[in-house]
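Quick notes on the structure that follows.
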Amino acid sequence: MPQKKLLQRFPLFKNLTDSEMEPVLDIARNRLYRQGSHLFMQGEPLTNVYFILDGKIKIYRTDLQGKEQIINVLGENQMFPHQGFFRNDNYPAHAEVLEEATLVYIPIHQFEEFLIANPRISVKVFRVLGDIIVDLQNRLEEQILHNTYEQIILLLIRLTNSHGKQLSEEQYKITTQFTNKELANMIGSSRETVSRTLTLLKKNNLIETNKKNNIIVNRTKLEEELF
C-alpha cells in the first residue's frame, strides 16, 4: 500500500489534500520492529514521533528501585509520544514493542515545522493531547476514589474500550494478552492482588478466559458490580 494511503488511515492526516500530504511523505519513514525491542528509553533526547500501522507498543516508566508502571498500551492508528512538541525535551517514558509492530516515524523537529505550516493539523494534535489529559485525570480519580478491587474492575472495563472486541451485547474479549504483573503495573498494585481478584471475578461469573488465555469480560455484570 502506498505511503500516502497508510498515513491517511490516521485521523490526523485523513482529510489532507495531496499537496498538503507531500511534505509529510517527504519526511516519513516506516520500519518493522521486533517484539521485545525498545524504540526509546526514558530520559533520552526526544527525536521522533511515531505512528502505529500495526502491532502493540507498551509505554511505561520505572522508578529509582526499578519498579515498572505502565502508562499505556497503544495500538493501530495511534501516535506517540504525546509530550515534547515545540520544546527541547526528553522522552518521558520507555517504549517497548509488546507485539511485532510496523511504525511510521518522523523526526520531531520536522514534524513541528509541518504543524506550524498546517494549523488545522495542530488543532487535531491538541485535541489528541486533550483526550489524553482527560484519560489521565480519570485514572487519578479512580485511584483516589476506589479501592483496589474496584480499580481492577475499572481497568478491565477500560481495556474493553481500548483493546476489546465485542462478542455479544454483554461480552467483550480483551484481544491483547496481559500478564497479571502487567495489569498490576497499570494501576500500581501487586501481581498477587490482581491474581486473587481475577480468580474471584471468575468465581462470580463476571469474567472468564478462553483457550488462548484471552480474558472474556461480561461488561454489563462488571458495571453492575461496580455501581
Side-chain angles (χ1 to χ4, degrees), residues 1-62 68-139 158 161-163 176 186:
M1 186 182 294
Q3 186 89 314
K4 176 174 173 287
K5 293 293 185 183
L6 290 174
L7 281 170
Q8 286 183 321
R9 287 166 38 185
F10 294 88
L12 217 56
F13 304 120
K14 188 174 182 181
N15 297 318
L16 293 190
T17 64
D18 288 350
S19 61
E20 288 172 326
M21 281 297 297
E22 281 303 319
V24 184
L25 298 176
D26 288 341
I27 59 177
R29 300 291 180 268
N30 65 293
R31 178 181 164 187
L32 177 69
Y33 292 86
R34 300 296 181 187
Q35 182 179 7
S37 61
H38 277 80
L39 303 170
F40 51 78
M41 304 297 286
Q42 182 177 333
E44 290 181 348
L46 197 152
T47 54
N48 294 319
V49 59
Y50 296 87
F51 300 86
I52 306 172
L53 296 177
D54 56 57
K56 295 282 193 306
I57 306 297
K58 179 174 73 172
I59 308 297
Y60 70 99
R61 290 178 180 161
T62 50
E68 179 182 300
Q69 180 192 8
I70 295 178
I71 307 301
N72 214 336
V73 175
L74 305 173
E76 186 176 323
N77 295 341
Q78 291 185 286
M79 61 173 282
F80 67 99
H82 305 106
Q83 178 177 321
F85 295 119
F86 307 112
R87 55 187 288 195
N88 293 322
D89 212 341
N90 298 325
Y91 286 112
H94 308 290
E96 180 185 353
V97 181
L98 199 61
E99 296 176 6
E100 186 174 84
T102 305
L103 307 179
V104 171
Y105 63 93
I106 299 174
I108 192 107
H109 69 279
Q110 291 180 297
F111 189 65
E112 288 172 353
E113 290 171 1
F114 168 73
L115 292 178
I116 291 169
N118 294 272
R120 286 191 303 132
I121 306 302
S122 296
V123 171
K124 289 184 179 181
V125 170
F126 293 143
R127 284 176 182 158
V128 170
L129 298 180
D131 290 341
I132 290 165
I133 290 171
V134 170
D135 179 60
L136 291 174
Q137 287 175 330
N138 291 337
R139 293 194 205 185
R158 189 164 67 241
N161 293 327
S162 57
H163 297 273
T176 302
M186 291 180 191

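Here the shortest heavy-atom pairing between Y50 and L39 reads OH-O, 4.0 Å. Across all non-hydrogen atoms, the minimal contact from L7 to M21 is CB-CE, 3.8 Å. The two residues E76 and L53 come nearest to each other via the heavy atoms CG-O, 3.2 Å. Closest non-hydrogen pair, P45 versus N90, comes out as CA-OD1, 3.5 Å.
Using a 4.5 Å cut-off on side-chain heavy atoms (C-beta onward), N48 and Y91 make contact. Counting heavy atoms from C-beta outward, M186 and V73 have side chains that approach closer than 4.5 Å. The shortest distance between side-chain heavy atoms of F40 and T47 does not fall below 4.5 Å.
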N/O donor to acceptor pairs below 3.5 angstrom from side-chain atoms of residues 97-111, sequence neighbours left out:
from, atom 1, to, atom 2, distance (Å)
E100, OE2, R34, NH1, 2.4
T102, OG1, D54, OD1, 3.3

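Between H94 and Y60, the angle of the ring planes lies from 30° to 60°, which puts this pair in the tilted group. Taking the six-membered ring where the residue is Trp, F10 and F51 present perpendicular rings, their angle passing 60° and hence far from 30°.
Rounded to the nearest 0.5 angstrom, Q69 CD and R61 CZ are separated by 7.0 Å. Remark: D26 CG to F114 CZ distance equals 11.0 Å, nearest 0.5 Å. The CD atom of Q8 lies 7.0 Å from the CG atom of D18; values are rounded to the nearest 0.5 Å.
Every residue was checked against the salt bridge (charged side-chain N to carboxylate O under 4.0 Å, His left out) condition with E44, not counting sequence neighbours, and none meets it. For the side-chain contact (heavy atoms from CB on, under 4.5 Å) test, residues two or more places apart in sequence or in another chain that qualify with T17 are S19, E20. In terms of the side-chain hydrogen bond (donor to acceptor under 3.5 Å, both in side chains) criterion, S162 has no residue partners (sequence neighbours excluded). In this view, V134 and Q137, N138 satisfy the side-chain contact (heavy atoms from CB on, under 4.5 Å) rule, not counting sequence neighbours. Not a single salt bridge (charged side-chain N to carboxylate O under 4.0 Å, His left out) links E22 to another residue, sequence neighbours left out.
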